[in-house]
Amino acid sequence: MITPYNPAAIEKKWQKIWADAHAFEAEKSHDKPKFYGLIEFPYPSGAGLHVGHPRSNTALDIICRKRRMEGYNVLYPIGWDAFGLPTENYAIKNHVHPAKVTQKNIDHFREQLKKIGFSFDYSREVNTTDPKYYKWTQWIFLRLFERGLAYKAEMPVNWCTSCKCGLANEEVVGGVCERCGGEVVRKVKSQWMLKITDYAQKLLDGLDEVDFIEKVKVQQRNWIGRSEGAEVDFAVAGSDRKIRVYTTRPDTLFGATYMVLAPEHPLLDEMKDRIENWDEVLAYRAQAARKSDFERTELQKDKTGVELKGLKAVNPVTGREIPVWASDYVLVTYGTGAIMAVPAHDTRDWEFAKKFGLPIVEVVAGGNVQEAAYTDVADGVLVNSGFLNGLRVAQAKQTIIDFLEEKGIGSRKVNFKLRDWVFSRQRYWGEPIPLVHCDKCGWVPVPESELPVLLPEVDNYEPTDSGESPLSVIDSWVNTTCPHCGGPARRETDTMPQWAGSSWYFLRYIDPHNDDAFAAMDELKYWLPVDWYNGGMEHTTLHLLYSRFWHRFLYDEGYVPTPEPYRKRTSHGMILGANGEKMSKSRGNVINPDDTIDEIGADAFRLYEMFMGAFDQAIPWSTEGARGCRRFLERVWRLQEMLSDGEGHSKGLETLIHQTIKKVSEDYEKMKFNTAIAQMMTLVNEFYAAGRITRGDLRTLLLLLDPVAPHIAEEMWQQCGLGEPIYRQQWPKWDEDKLQEATVEIAVQINGKVRGRVTVPAGMSREQAERELPQLPEVQRLIAGKTVKKIVCVPGRLLNVVVG
RNA sequence: GCCGGUGUGGCGGAAUUGGCAGACGCACCGCACUCAAAAUGCGGCGGAUUUUCCAUGCCGGUUCGAGUCCGGCCACCGGCACCA
């Protein structure tokens with residue numbers, strides 16, 4: 001009799017052995033080929049680990065354990081993305097320092113992760129709130145500042161006039177403050193910005209060089225939002241002022257029957273003496289400013305606007321005077337903040353024209369522009385367009401742009417939807433921005449020797465009434481001297497957003513204890529790029545884009561050796577509650593990993609997380625399913641009872657063993673963990689059917705199972721005396737010649753329908769099969785009395801006889 | 001509205017890319033073991049009017065053969081959303 005399977009004991013045992021042996025620490029030497037596997041480092045929240053974390057972690061743990069067995073030097077690090085609001089809010093509420101809360105949460109997370117047996121290299125842990133870490137976050141910021149990529153600008157925020165504080169869009173309901181009911185306006189506030197827009201094209205082009213799952217690429221491309229068009233100048237009648245517009249449809253210029261400016265467009269103020277209804281325009285502008293982004297997008301898209309009476313623009317190709325309107329359907333933040341309206345061929349312009357009775361002139365034939373805007377560009381032909389008449393849209397675009405450039409009234413232009421990154425937060429728990437402001441010298445960077453600029457101790461982390469950072473009230477910290485002229489100066493009191501620390505953490509893992517640089521170049525050259533990065537879709541346009549931006553900047557500055565940080569990016573699906581809904585405390589469907597591990601063990605938990613369904617898809621949790629995985633491990637455990645001597649194969653199972661090695665090896669690489677596990681289950685079922693298993697076959701099974709369920713694999717390996725621990729073993733190989741049985745069963749179809757099966761020798765050629773198989777008595781019986789018209793054979797699969 | 005994804009048994013899901021639909025697991029049912037139950041083992045498990053027929057969201061097409069390809073819809077999920 002063997003001892004019962006006791007996961008609690010063996011998991012603890014092996015976790016200690018691995019830790020004592022430093023089994024999973026990356027080797028210092030650069031002799032072996034390297035593999036850098038990365039998962040998104042967790043935010044150590046007070047709630048502890050979620051079942052979603054282990055899904056990503058286990059997946060790459062499987063890949064990394066397999067890579068080690070394949071002879072790679074593997075870096076699989078872990079760290080803590082620890083700055084952020086939840087911790088700060090908890091600290092405020094409970095009067096504890098956020099650093100203390102953070103430390104406690106990290107300790108809890110680490111303990112939870114260790115219980116699951118991930119093969120992380122804990123000797124390289126990073127923590128974004130550690131001054132030794134954020135020194136380098138600040139250092140990178142200063143490099144950006146030096147290159148003019150960090151700048152301070154006035155940006156509109158939602159401002160509650162009663163609370164005197166900025167609000168998130170979600171906090172504005174019906175144009176009033178959610179908390180106090182006070183009026184909310186857009187207030188322009190001075191903020192630090194990062195010029196990610198300078199990198200729009202590089203970030204777009206870089207996507208062609210990397211192996212990211214397609215939907216990540218698509219989402220990033222959409223977010224960057226490149227469009228090609230032209231800028232065109234329209235003269236203001238009776239003035240030398242011009243209105244510049246951006247359009248993707250310069251071919252429709254003859255159909256531009258009015259213009260629209262964003263309410264915030266500077267021309268309004270410039271021309272206010274000529275605008276006859278200025279009061280009305282001001283009222284409209286105020287009304288537009290009151291709308292939050294939420295209202296502008298979520299509520300009605302009903303067009304509103306006001307004509308700028310007394311102002312006319314001149315269509316540069318028709319020479320006609322056209323009216324000029326202001327409307328909030330034109331955004332001041334995109335293009336030039338002004339458009340030429342072509343109601344016949346743009347849906348929004350069409351709606352606006354219909355509402356306000358503006359003329360609609362068809363310039364591309366093919367639709368009925370009184371009924372709807374005709375926006376098809378594929379096969380339209382230009383009409384009512386002077387020298388463009390008869391041209392197709394694509395040709396017309398070329399022709400008109402050449403014409404505009406020649407006349408000096410327009411030019412080709414590429415625009416991006418991507419906006420610069422608002423980098424300021426008026427909060428305590430973030431990296432201080434390492435700049436001081438001097439009245440004489442302006443913004444001056446803190447010298448590198450004085451980094452890090454430490455977060456000062458404060459008594460109160462609460463946001464201030466003025467909406468300034470809590471740091472702004474600590475005079476002793478704020479007041480300093482200018483590093484440039486030595487005169488009095490004030491520190492920047494805003495902190496960085498949470499995305500700062502996570503934009504480069506994968507670089508610090510490479511050389512985490514380096515005090516002279518964020519990482520040494522020879523280490524970076526060896527380890528970069530990250531070979532495989534798995535994470536959530538929710539970070540596609542935030543973290544993933546930001547970190548690509550920082551990395552690309554560091555590359556351009558010569559600090560890192562690769563233009564892209566990540567070679568391959570995959571994405572896991574969300575784990576839903578048993579009811580198919582998103583897990584949340586309020587829905588009461590949260591599964592706690594600790595409870596599950598206590599019940600079924602870490603190996604079964606890991607196994608279930610990988611078996612439950614396709615890795616990239618959202619899957620509901622099933623406690624029964626998880627127990628089924630525990631059952632499978634029990635079955636594996638009891639294979640010890642039927643262990644027979646011999647390194648060879650269990651009778652009749654040689655083919656299946658080789659098939660399993662191949663399938664598991666390949667499926668792991670494709671992240672098809674569910675089918676890899678199914679294949680191992682099939683194999684185990686066969687051992688049971690045979691009633692015995694050889695040592696050789698058990699060896700193979702345990703090696704294949706180890707990446708998913710490492711504790712049980714190591715324990716059985718040891719108990720059966722199979723040698724050195726598995727983490728030092730080699731990954732098994734399959735033999736191509738042994739993948740096929742000597743005979744195969746093929747389906748016999750008559751007119752495409754299965755009518756029978758025959759067993760034939762494997763490896764028959766198509767010609768031989770088509771000649772010989774129809775002669776078999778089983779087949780003859782099926783086609784008796786019919787005229788054979790055609791025979792189709794797929795070797796090893798089927799024979800289809802087409803009869804008349 | 002635009003972009004992307006997904007629709008297969010009671011459930012989670014398989015299916016060499018056009019070749020035996022439902023692997024593997026869950027749930028359920030039966031049998032063995034047991035005084036009994038649990039656990040375990042073995043077997044069954046899409047539907048029906050069962051020699052055959054119908055079944056992969058719906059309608060049509062291509063093909064010897066379609067879950068897979070083509071055309072047209074529908075539903076759900078995710079992202080973006082007045083981006084000119």
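If you're wondering where the values come from, they're calculated on a predicted model, not measured in any experiment. Letters A, B, ... are given to chains in the order of the sequence lines, protein chains preceding strands, and every chain is numbered from 1.
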Using a cut-off of 4.0 Å on non-hydrogen atoms, how would the nucleic acid contact of A:Ala614 be classed: base, sugar-phosphate, or nothing?
sugar-phosphate
Spacing between A:Arg797 atom CZ and B:U68 atom C1', to the nearest angstrom
13 Å
Side chain of A:Ser227: nearest nucleotide among B:C26, B:C24, B:A84?
B:A84
Taking B:G57 as the reference, what is the distance to B:C74 when you measure between their C1' atoms (whole Å, please)?
7 Å
With the threshold set at 4.0 Å, does a side-chain nitrogen-carboxylate oxygen contact exist between A:Glu624 and A:Arg627?
yes
Among B:G25, B:A23, B:G19, the nucleotide that comes nearest once only the side chain of A:Val792 is considered
B:G19
Is the backbone of A:Ile2 close enough, under 3.5 Å, to the side chain of A:Glu641 for a donor and an acceptor to pair up by distance?
no
Would a distance-only check, ignoring hydrogens and angles, find a side-chain to backbone donor-acceptor pair under 3.5 Å from A:Thr375 to A:His345?
no
CG of A:Asn751 versus C1' of B:C64: gap in Å, rounded?
7 Å
Remember a base hit wins even if backbone is also touched, and classify A:Val218 as base, sugar-phosphate or nothing at under 4.0 Å, heavy atoms.
sugar-phosphate
Regarding A:Asn800, tell me which of base, sugar-phosphate or nothing describes its non-hydrogen contacts under 4.0 Å with the strands shown.
base
Give the rounded distance in Å between these two atoms: CD of A:Glu214 and P of B:C3.
15 Å
Would B:U34 be called syn or anti, given that syn covers angles within 90° of 0?
anti
Report the glycosidic orientation of B:U8: syn if within 90° of 0, anti in every other case.
anti
Could you check whether A:Ile619 gets within reach of a base, just the sugar-phosphate, or nothing at all, counting any heavy atom under 4.0 Å?
sugar-phosphate
For the pair A:Tyr258 and A:Phe352, name the ring-plane relationship: parallel under 30°, tilted 30 to 60°, perpendicular over 60°.
parallel
In terms of relative ring orientation, are A:Trp499 and A:His539 parallel, tilted or perpendicular, with 30° and 60° separating the classes?
perpendicular
Partner of A:Ile400 under side-chain contact (heavy atoms from CB on, under 4.5 Å), chosen from A:Leu382, A:Val232, A:Leu253:
A:Leu253
So, does A:Arg55 use its side chain to make a donor-acceptor pair with the main chain of A:Gly573 at under 3.5 Å?
yes
When you check the gap from the basic side-chain N to the acidic O, do A:Glu666 and A:Lys662 get nearer than 4.0 Å?
yes
Heavy atoms within less than 4.0 Å of RNA chain B: which residues of residues 655-674 of chain A have one? Give them sorted by number.
A:Lys672, A:Asn674
In whole angstroms, the gap separating C1' of B:A14 from CD of A:Gln617 amounts to 13 Å
According to the interplanar angle, ranging from 0 to 90°, do the rings of A:Tyr608 and A:Trp621 count as parallel (below 30°), tilted (30 to 60°) or perpendicular (above 60°)?
perpendicular
What's the gap between B:C24 and B:U16 when it is taken at their P atoms, as a whole Å value?
16 Å
Per A:Thr675 side chain, nearest of listed nucleotides B:A84, B:A14, B:C82
B:A14
Need the glycosidic conformation of B:G9: syn if within 90° of 0, anti if not. Which one?
syn
Set out, line by line, the N/O atom pairs under 3.5 Å between protein and nucleotides 37-47 of chain B.
from  : atom 1 : to       : atom 2 : distance (Å)
B:U40 : O3'    : A:Arg638 : NH2    : 2.7
B:G41 : OP1    : A:Arg635 : NH1    : 2.6
B:G41 : OP1    : A:Arg638 : NH2    : 2.9

Side chain of A:Val754 only, please: which of B:A27, B:A21, B:C24 is the nearest?
B:A21
So what does A:Arg419 touch, heavy atoms closer than 4.0 Å: a base, only the sugar-phosphate, or nothing?
base
Do A:Asn415 and A:Ser227 have side-chain atoms, one donor and one acceptor, less than 3.5 Å apart?
no
Report the residue (A:Leu418 or A:Ala678) whose heavy-atom-nearest nucleotide on RNA chain B is the more 5′ of the two.
A:Ala678
With a 4.0 Å cut-off on heavy atoms, is A:Gly225 in touch with a base, just the backbone sugar-phosphate, or nothing at all?
nothing
Could you check B:U17 for me: syn (within 90° of 0) or anti?
syn
Between P of B:A84 and CZ of A:Phe416, the distance in whole Å:
12 Å
Round to a whole Å and report the spacing from CD of A:Gln679 to P of B:A15.
12 Å
Can you tell me, in whole Å, how much space there is between the C1' of B:C42 and that of B:G5?
42 Å
Quiz question: going by heavy-atom distance under 3.5 Å, is there a donor-acceptor pair between the base of B:C80 and the side chain of A:Lys417?
no
Pairwise P distance, B:G46 and B:U56 [rounded to whole Å]
16 Å
Listed nucleotide nearest any side-chain atom of A:Val330, set B:G19, B:C82, B:A84
B:A84
Does A:Trp734 reach the main-chain N or O of A:Lys663 with its side chain, forming a donor-acceptor pair under 3.5 Å?
no
Taking the six-membered ring of A:Tyr329, is the NZ or CZ of A:Lys303 close enough (under 6.0 Å from the centre) and on axis enough (within 45°)?
yes
From the candidates B:G12, B:A15, B:G4, the one with an atom nearest any side-chain atom of A:Lys215 is B:G4
A:Tyr334 has an atom OH; how far is it from atom P of B:A84, in whole Å?
4 Å
Would you kindly give the CG-to-P distance between A:Asp616 and B:G5, to the nearest whole Å?
11 Å
Whether A:Glu351 and A:Lys355 form a salt bridge (side-chain N of Lys/Arg under 4.0 Å from carboxylate O of Asp/Glu) is what I want to check.
no
Can you work out whether A:Ser622 or A:Ala338 has the more 5'-proximal nearest nucleotide on RNA chain B?
A:Ser622
Base-paired stems that RNA chain B participates in, counting runs of 3 or more Watson-Crick or G-U pairs under 3.5 Å
B:1-7 with B:74-80, B:10-12 with B:24-26, B:28-32 with B:40-44, B:46-48 with B:52-54, B:57-61 with B:69-73
Fit a plane to each ring of A:Trp421 and A:Tyr546, take the angle between them on a 0 to 90° scale, and name the class: parallel (under 30°), tilted (30 to 60°) or perpendicular (over 60°).
parallel
